[in-house]
Every structure is written in structure tokens, then in C-alpha cells.
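Here the structure is laid out as C-alpha cells; the discussion comes afterwards.
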Amino acid sequence: MSRIKTEVDPADVGLSPDRLRRIDAYLSAYVDDGRLPGWQLAVTRDGKVAHLSSYGSRDRENDLPAAGDTLYRAWSMTKPVTSVAAMILVEEGVIGLQDPVSRYIPAFADVRVYQRGPVDRPVTAPVTEPIRVRHLLSHTSGLTYGFHRAHPVDEIYTKNGYEWATPPGLDLTACCEHWASFPLLFEPGTAWNYGVSSDVLGRVVEVASGQSLDAFFASRILEPLGMEDTAFSVPPEKADRLAAFYTADPATGRATRNDGLGAGALHRPAALSGSAGLVTTLADYHRFTQMLLGEGVHEGQRILGPRTLRHMLRNHLPGGADLNSVGRPVFSEMPTAGVGFGLGFAVVEDPAQAGVVASPGEYGWHSAAGTIFWVDPKERLTALFFTQLMPSSAHPLHGRLRQLVNQAVVD
């Protein structure tokens, strides 16, 4: 089990201890009034853990604390790992960013784009631009999620069993065949939409590497970084460490246990989801963020080259637009104005337009289950927050957390 501990006095790396305590006070109030079960937080500067805190429970009903070895469903924070996996293969020349996805998954050779009409009789047209690998990485493929419920194509996903999960028994190959048969929301490369792009990207990694996604993750990312507790499911001997899953009661805002949504983590899924499948710990994902901060290397283990990572952090949205201009809403209270999207990460382009206290170039991602991380190369800072509450937009947690972390930087 990888471990995490405080490594440096905050004042020695330009962080105010008094101001850091504001973060804990703010977050603890959510536990005290029942809006969160518990949480864990790590803030680093210059690659050293300067602030490490936790509060509340991983399992409120059984009075189990949020501890250093608690396992959390990473959900959409799986996506950056899948993006890094794909870019490893790009660096090796096995995958090209311009490659049509159909080179690896032939069903995507005949995709069509929605024009008009009802769910049961949609009018579609052939795409003029194929879905390319770079479109999967930047979420500009035209693929979607059923849970958006904002478009007839979303409803097609839902009616076919794709809302918060994949249909029972279907592996990733079968899911990709289905998704390729559904119409796209738009022509690839013309807009941004949060969807199953990272799942399809995971299948591309499998085909290109000749390995299952879990095997590729383990050999090329998790084992080199010492992420010993990160996997697509929790083995029986670790089951007692898994955090319970909660949803926010719409009427009261209080965290209500939801074992149905959280149960899948205890069994190896038929479809290995590159979008939302990983279970991890604060300590493990911290290692991943330090690799990102280190421009691809951590503790002597190089995962990516620095130029590759810098390319991932450019804004790859069409015409250099922001998410507010070309994207559909994200399942979070995080800003979209002044925020671009790279190859796997949201990137703050203009903090003033975004309305956040942040550095230009700050990047990261979050999940509907409450987890979030970001990396600030300018301030040499990372922040990582774990809880298990859905939706993450139920309370102003992520936006306030960014404010509270950044106000603690005083040098």
C-alpha cells in the first residue's frame, strides 16, 4: 500500500498554515451538518506534501473513519489516466493523434451525425470528418452520455442501457460497437461534449497495445508510479476499506447512502471503463498528480516526455474557443468561460473570464462522485480532494476549494 504523509512545513514552501486551516474549517462544516459523509485533502508545493487533512467517515452508518487507506471510486478522474495511457502509445508511434478511430475499431468507419427527428426515427447523415484519436482525447468526437438528458441522442443512449453504467454482461468491445451505431451529436471536431470518448479511447489502447486496459494501466502507469491500490475493482481482502457511496437528497442536501450506485466497485466489470472505472486512494492518485507536476516523471519513473505533456495542456477546442462557447454543461459547478480543454484535462486560459482565483495554465479534472484534482505549474502546486457524494454540483465544493487553496499561497 502506498502511503502519503506531510513532508514539509507549509511556511517553508510559501503556504500560510493559518490560511490552510480555513480549508479544513469550510469542509468540516459539510460533515457536521450531514451534507458530506467525510473527506480527505492533500495540498503540495514543489513536490512536497504541505497540508494533509481528513474529517468524518468513509462509512457513516458503520462509524468507519476517512483514513489514509480509504478506497474511493475515482469515476471521471479515470479519464486523465486513460489519456496518459493513449499518449504513451502516441510517443511510441503505435497510435497517431490524427488516426481515424476506425483504424482500431472498424465499426466507427460508418458513423452518422444526428440531423433532426424523434428518438425512434432520427434523421441522420454521414459524417464529413471521421472521428480521430485526438477527438476522443479532447471530447470533440460527438459521442455523449445518456445522463445528460438534453438531446434526442442522449435519450438513445439511455434507452439502450447507457446512462450511468453499461448494460450488464457487455464487454468494452461490444459497447463500442453499440456506440458506433448511435448517431453523433455533431460533426467530429466542431464542438465539445462530455461522453463516452474516454471509454472508446480505452478500447483503442487495448487494440493498439494488444493488452487489456487493466493490464496496460498496471504495467505502464500504476506499477511504475507505485499506485498499488488502484484498479478497476476492489478485491475481497480490501473491501472493508472501500468508502460507502452517497447521493445528495434534493430536498435537504444531506448525504444519503446509495449502495446501488456504489456496488459495482466490488466486482471486476465486464466493460473496463476508461471514463469512470478506477478505484483508488488519495495516496495513489497523489503519485499520479506528482508525475504530472514533474512533466511526466516521478521518483525517477518517466511515464511521458515533457513536450508530450505540454502538448496535452494546450487548448485543443475548435478555433481556440472556451468550454462556454463550444461545450455543453459539465456535471459540476466549475466554470466554463475562460476554460479550454486539452488532451484529457480542462485548462484555465483566462482566470478573470472564468471568475476564479487561479493561474493561467492550471489544469485538472473532477468527477460526479465528488473527487477533484488540479495541477498549477506556475505555482508548482497540486491539490487533491476525495469524497463520495453525487452529484458533485450539489454544493459549492469544488469552486470554493480552489479559492481556499489558492488564497493560502502567500509567497
Side-chain angles (χ1 to χ4, degrees), residues 4-33 35-36 38-56 66 77 80 253 282 285-286 288-290 292-294 313 322-324 330 332-340 345-367 370-387 389 392-411:
I4 184 171
K5 61 182 181 180
T6 304
E7 299 172 297
V8 66
D9 188 304
D12 291 341
V13 289
L15 297 173
S16 164
D18 289 340
R19 287 172 169 262
L20 285 169
R21 282 190 282 272
R22 295 175 181 175
I23 309 172
D24 297 349
Y26 179 82
L27 295 173
S28 296
Y30 278 88
V31 176
D32 292 340
D33 66 12
R35 288 175 292 172
L36 282 182
W39 52 264
Q40 290 183 270
L41 170 75
V43 180
T44 77
R45 199 148 194 230
D46 295 325
K48 302 292 185 182
V49 180
H51 185 71
L52 185 65
S53 55
S54 63
Y55 191 74
M77 278 170 50
L282 189 82
Y285 212 93
H286 164 259
F288 183 73
T289 63
Q290 297 317 293
L292 297 174
L293 182 66
L313 302 179
D322 63 10
L323 287 173
N324 191 58
V330 186
S332 172
E333 92 280 8
M334 297 299 290
T336 54
V339 178
F345 312 94
V347 184
V348 177
E349 298 276 294
D350 185 338
Q353 189 178 2
V356 297
V357 179
S359 301
E362 181 184 289
Y363 66 95
W365 200 235
H366 51 269
S367 82
T371 59
I372 186 172
F373 83 96
W374 71 86
V375 178
D376 184 338
K378 181 179 179 182
E379 296 293 346
R380 312 172 311 283
L381 181 146
T382 69
L384 184 60
F385 172 75
F386 276 11
T387 190
L389 181 79
S392 60
S393 56
H395 310 298
L397 284 168
H398 291 172
R400 292 288 197 278
L401 183 61
R402 178 182 259 122
Q403 292 176 201
L404 289 163
V405 170
N406 286 331
Q407 61 85 36
V409 179
V410 293
D411 68 356

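Throughout, residue positions are numbered sequentially from 1 according to the sequence presented. Note that the structure is a prediction, hence the values are computed from the model and not measured.
- Applying the side-chain contact (heavy atoms from CB on, under 4.5 Å) rule to Leu20 yields the partners Pro10, Leu15, Ile23, His51, Ala408; only residues at least two apart in sequence or on another chain are considered.
- In this structure, a donor-acceptor pair under 3.5 Å is present between the side chains of Gln290 and Thr382.
- Ser28 contributes no side-chain N or O that, together with a main-chain N or O of Ala25, makes up a donor-acceptor pair within less than 3.5 Å.
- A donor-acceptor pair is defined here as one N or O able to donate and one able to accept, closer than 3.5 Å; no such pair exists between the side chain of Asp350 and the backbone of Gly338.
- Of the possible donor and acceptor atoms, one in the side chain of Gln407 sits under 3.5 Å from a partner among the backbone N and O of Leu404.
- Checked against side chain to side chain donor-acceptor pair (under 3.5 Å), Glu349 has no partners two or more places apart in sequence or in another chain.
- Atom OG1 of Thr371 is separated from atom CD of Gln40 by 12.5 Å, given to the nearest 0.5 angstrom.
- A salt bridge does not link Arg45 to Asp12: none of the charged side-chain nitrogens sits closer than 4.0 Å to a carboxylate oxygen.
- Across all non-hydrogen atoms, the minimal contact from Gly361 to Pro377 is O-CD, 3.7 Å.
- Applying the ring pair (Phe, Tyr, Trp, His ring centres under 6.0 Å) criterion to Tyr285, with sequence neighbours excluded, gives Phe288, Phe373.
- Considering only heavy atoms from C-beta on, Glu362 comes within 4.5 Å of Arg402 through its side chain.
- Under the ring pair (Phe, Tyr, Trp, His ring centres under 6.0 Å) criterion, Tyr55 pairs with no residue, sequence neighbours left out.
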Problem set entry | side chain to side chain contact (heavy atoms under 4.5 Å, CB included) between Val405 and Trp374, intermediate numbers included | CA-CA 11 Å; Val405 170; Trp374 71 86; 3.7 Å; yes
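- Within the 4.5 Å cutoff, the side chain of Leu282 has no heavy atoms near those of the Phe385 side chain.
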Exercise. Can you check side chain to side chain contact (heavy atoms under 4.5 Å, CB included) on Tyr363 and Val348, steps first, answer last?
Worked result: CA-CA 6 Å; Tyr363 66 95; Val348 177; over 6 Å; no
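- Taking CZ of Phe386 as the start and CD1 of Ile372 as the end, the distance is 11.0 Å to the nearest 0.5 Å.
- Side-chain N or O atoms of Asp376 include none that pairs as donor or acceptor with a backbone N or O of Leu381 at under 3.5 Å.
- Here the closest heavy-atom approach between residue Ala354 and residue Pro335 is recorded as O-CB, 3.3 Å.
- Checking side-chain atoms of Ser16 against main-chain N and O of Arg19 turns up a donor-acceptor pair under 3.5 Å.
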For this session: Start with the C-alpha gap between Leu397 and Leu36, add the side-chain angles, then the distance that decides, and say whether side chain to side chain contact (heavy atoms under 4.5 Å, CB included) holds.
Result: CA-CA 10 Å; Leu397 284 168; Leu36 282 182; 4.0 Å; yes
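- Side-chain contact between Leu384 and Thr44 is absent, with no heavy atoms from C-beta onward closer than 4.5 Å.
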For this session: Check the pair Asp322 / Val339 against side chain to side chain contact (heavy atoms under 4.5 Å, CB included), numbers first and verdict last.
Result: CA-CA 5 Å; Asp322 63 10; Val339 178; 5.5 Å; no
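- Looking at every heavy atom in both residues, Ser359 comes nearest to Pro351 through C-CG, 4.0 Å.
- Side-chain contact between Gln403 and Tyr26 is absent, with no heavy-atom pair separated by less than 4.5 Å.
- Across all their heavy atoms, Val13 and Ala50 have their closest contact at CG2-CB, 4.0 Å.
- Not one N or O on the side chain of Asp46 forms a donor-acceptor pair closer than 3.5 Å with the backbone of Lys48.
- Remark: Arg35 engages Asp33 in a salt bridge, criterion side-chain N to carboxylate O under 4.0 Å.
- Remark: the backbone N or O of Asp24 is not paired with any side-chain donor or acceptor of Ser53 at under 3.5 angstrom.
- Inter-residue side-chain proximity for Ile4 and Leu52 is flagged as met; some heavy-atom pair is nearer than 4.5 Å.
- In this structure, His366 and His398 have tilted ring planes: the angle between them lies in the 30° to 60° band.
- Every residue was checked against the side chain to side chain donor-acceptor pair (under 3.5 Å) condition with Thr387, not counting sequence neighbours, and none meets it.
- Annotation: side chain to side chain donor-acceptor pair (under 3.5 Å) contacts of Asn324 (sequence neighbours excluded): Thr336.
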